[in-house]
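What follows is one structure encoded as structure tokens, with my remarks underneath.
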Amino acid sequence: MGLSTPKRWAVLTVAVLLASTPVPAQADTDPAGALKRHLRAGHGVRVSETTRIMLGKRPSETRISGRLRLASTGPAAAQFTWWTLPRQETYRVIRVGSTVYDGSNAHPGPIPDGKKWIRFPNKHRGVMARDMAVDASQQPINVYDPSTLKAVLKRSTRKPGFLYQGTMSYQDLDKITKTPLYHWTSGRPFGPKSKGKITWKLWTGRDGTLKRLITTDTEASLVKRTDTRYSAWGSRVVITAPPADEVIDEADLLEHIRNENEPIPEDEGNT
């Protein structure tokens, strides 16, 4: 039996509505593609990280909390605090472009009144300090470079729950990384004879946005485990240099320390 005229029109109307209703675009679930969307001027991300280094029976621990201002080329500025356990020393860092400011609160020597920040030449800062200032992290994998992230994903096994995990040698990591890498045990640059390996677990959201990265660096019997969580991708982030009157350059600070430590001249005739 054929459809009556009213029913036929109802079916046609529903078919037209379904055909004309726009289908939501599918999210880019590729983490490298999602990263490219977030690398925009003025946008940022928050970072929270714990690193444990196994040295015998008593591991050392470093924690980082901060934020990054991103650009198309990666982190353009960083502002973070890091501290060590169990000693609980606390350090503050601001990086804007290639200029890095370290909080004067942790400096062991005398500091002029009102100077809250020290501007060191980058070559005078240790490898660990230079590395952290780039992206507020001690991760060996540069997750802010789409080509590096893509190469890591290519070497990963996909697991349920938006998890990617894998292992590679230091030599392979060096090949896929554009910027120089340094051994966390010695501070020496990676090379063709570098020995060691890195394993990783990387979690993303449904849209491919990076949520968490755990890496384990192994060199001989030494192990470094870094656990980083990323949040607030795309948030508006403003990071500026400290006020000029609160900053002292390293050379001026050394001169101040020398003056402070000069011996007091003997009082002629009064001692």
Side-chain angles (χ1 to χ4, degrees), residues 35 47-56 59-66 68 70 73-85 89 91-102 106 118-152 155 166-202 210 213-228 230 250:
L35 173 63
V47 177
S48 177
E49 180 174 285
T50 299
T51 295
R52 291 186 178 91
I53 298 178
M54 311 305 173
L55 298 171
S60 65
E61 184 171 310
T62 302
R63 295 185 181 181
I64 300 174
S65 178
L68 303 173
L70 303 175
T73 55
Q79 184 173 23
F80 61 96
T81 300
W82 68 276
W83 60 98
T84 58
L85 297 175
E89 297 175 347
Y91 304 85
R92 298 172 297 139
V93 180
I94 294 176
R95 177 183 66 81
V96 179
S98 60
T99 304
V100 181
Y101 306 87
D102 291 282
I118 305 171
R119 182 165 45 205
F120 288 97
N122 207 36
K123 63 182 180 180
H124 289 182
R125 307 175 78 249
V127 171
M128 177 178 150
R130 293 199 302 266
D131 180 53
M132 283 196 297
V134 173
D135 55 6
S137 175
Q138 295 189 69
Q139 285 288 4
I141 297 175
N142 182 4
V143 298
Y144 302 101
D145 176 42
S147 63
T148 298
L149 185 57
K150 188 173 182 179
V152 168
R155 292 164 171 79
T167 302
M168 76 171 77
S169 68
Y170 280 1
Q171 294 180 30
D172 286 340
L173 179 62
D174 190 40
K175 291 176 182 177
I176 67 171
T177 305
K178 295 178 180 178
T179 53
L181 293 174
Y182 297 88
H183 287 270
W184 61 274
T185 54
S186 65
R188 295 177 179 175
F190 275 28
K193 296 183 179 180
S194 292
K195 295 182 179 180
K197 67 177 182 179
I198 174 177
T199 63
W200 66 87
K201 291 183 178 180
L202 185 152
L210 182 61
L213 173 63
I214 297 177
T215 59
T216 302
D217 274 301
T218 304
E219 286 196 52
S221 61
L222 302 177
V223 179
K224 176 170 77 78
R225 183 180 184 274
T226 303
D227 183 351
T228 312
Y230 307 88
E250 181 194 34

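Position 1 is the first residue of the sequence, and the numbers go up from there.
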Contact check, side chains of [X] and [Y], non-hydrogen atoms, under 4.5 Å:
{"X": "Leu68", "Y": "Val47", "result": "yes"}
{"X": "Trp200", "Y": "Arg155", "result": "yes"}
{"X": "Lys224", "Y": "Thr185", "result": "no"}
{"X": "Val93", "Y": "Val100", "result": "yes"}
{"X": "Leu149", "Y": "Leu202", "result": "yes"}

Can you tell me how far apart [atom1] ([X]) and [atom2] ([Y]) are? Round to the nearest 0.5 Å.
{"X": "His183", "Y": "Arg188", "atom1": "NE2", "atom2": "CZ", "answer": "9.0 Å"}
{"X": "Thr50", "Y": "Leu85", "atom1": "OG1", "atom2": "CG", "answer": "8.5 Å"}
{"X": "Arg52", "Y": "Thr62", "atom1": "CZ", "atom2": "OG1", "answer": "10.5 Å"}
{"X": "Ile53", "Y": "Thr84", "atom1": "CD1", "atom2": "OG1", "answer": "11.0 Å"}
{"X": "Arg63", "Y": "Thr51", "atom1": "CZ", "atom2": "OG1", "answer": "10.5 Å"}
{"X": "Ile94", "Y": "Asp102", "atom1": "CD1", "atom2": "CG", "answer": "10.0 Å"}

Answer yes or no: is there a donor N or O on one side and an acceptor on the other, between the side chain of [X] and the main chain of [Y], under 3.5 Å?
{"X": "Gln138", "Y": "Met128", "value": "no"}
{"X": "Gln171", "Y": "Pro192", "value": "yes"}
{"X": "Arg95", "Y": "Val134", "value": "yes"}
{"X": "Thr177", "Y": "Asp174", "value": "no"}
{"X": "Thr148", "Y": "Ile176", "value": "yes"}

Considering non-hydrogen atoms only, spot the tightest contact between [X] and [Y] and give its length.
{"X": "Met132", "Y": "Ile64", "value": "SD-CD1, 3.5 Å"}
{"X": "Thr228", "Y": "Gln139", "value": "OG1-NE2, 2.9 Å"}
{"X": "Tyr170", "Y": "Ile198", "value": "CE1-N, 4.3 Å"}
{"X": "Ser194", "Y": "Gly191", "value": "OG-N, 2.7 Å"}
{"X": "Leu35", "Y": "Val143", "value": "CD2-O, 3.0 Å"}
{"X": "Phe80", "Y": "Gly66", "value": "CB-CA, 3.6 Å"}

In chain order, what residues pass the ring pair (Phe, Tyr, Trp, His ring centres under 6.0 Å) check against Tyr144, with sequence neighbours excluded?
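If we apply the ring pair (Phe, Tyr, Trp, His ring centres under 6.0 Å) test to Tyr144, skipping adjacent residues, there are no hits.
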Looking at residues at least two apart in the chain, or sitting in another chain, which of them share a ring pair (Phe, Tyr, Trp, His ring centres under 6.0 Å) with Tyr230?
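By the ring pair (Phe, Tyr, Trp, His ring centres under 6.0 Å) rule, Tyr230 matches no residue at all.
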For side chain to side chain contact (heavy atoms under 4.5 Å, CB included), just list the numbers for Asn142 and Lys178, CA-CA rounded to whole Å, side-chain angles, deciding distance to a tenth of an Å, and then say yes or no.
CA-CA 9 Å; Asn142 182 4; Lys178 295 178 180 178; over 6 Å; no
Report the residues that fulfil side-chain contact (heavy atoms from CB on, under 4.5 Å) with Pro189, sequence neighbours left out, ordered by chain and then residue number.
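By the side-chain contact (heavy atoms from CB on, under 4.5 Å) rule, Pro189 matches Tyr182.
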